[in-house]
Amino acid sequence: MFGVMRRAESTAALLPVALDSDQAEPLHRQVYRELARLILAGRLLAGSRLPSSRELARELGVARNTILAALD
């Protein structure tokens, strides 16, 4: 699911993030938890660039404010 990223490829398409809108946990906390999980697993390395908040929101099917709250 997570592969080698070429320069022209989007990072968002390579981020294995699972969100469930039916959970009691708010979506921004789910995004935060999933990103933290990727960091701890070594799948997101220090210095890695995340996609823009707009691109990540589009890829995950959530509002941009949800992404901004997760990153805050």
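What you see below is based on every heavy atom in this structure, not just the backbone, and it leaves out hydrogens, waters and symmetry mates.
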How long is the straight-line distance from CG of L44 back to CZ of R49, given to the nearest 0.5 Å? 13.5 Å

Distance check, rounded to the nearest 0.5 Å: L19 atom CG versus T66 atom OG1? 9.0 Å

Smallest separation among heavy atoms of H28 and A69, with atom names: CB-CB, 3.8 Å

Look up atom CD in E34 and atom CD in Q30, then write down how far apart they are to the nearest 0.5 Å. 8.0 Å

Inspect the surroundings of CZ in R29 and state if more than 12 heavy atoms from other residues, nucleotides or ligands are less than 6.0 Å away. no

Distance from S52 atom OG to E59 atom CD, nearest 0.5 Å? 10.0 Å

Heavy-atom neighbours of D72 CG exceed 12 at 6.0 Å: no

Would a hydrophobic clustering, with Ile, Leu, Val, Met, Phe, Trp and Tyr connected at side-chain separations under 4.5 Å, put Y32 with L50? no

What distance separates I67 CD1 from S53 OG, expressed to the nearest 0.5 Å? 8.0 Å

Please give me the minimum heavy-atom distance between P16 and R43, naming the atom from each residue. CG-NH1, 3.8 Å

Cluster check L35, L68: I/L/V/M/F/W/Y, side chain < 4.5 angstrom: no

Taken to the nearest 0.5 Å, the spacing of L60 CG from E55 CD works out to 10.0 Å

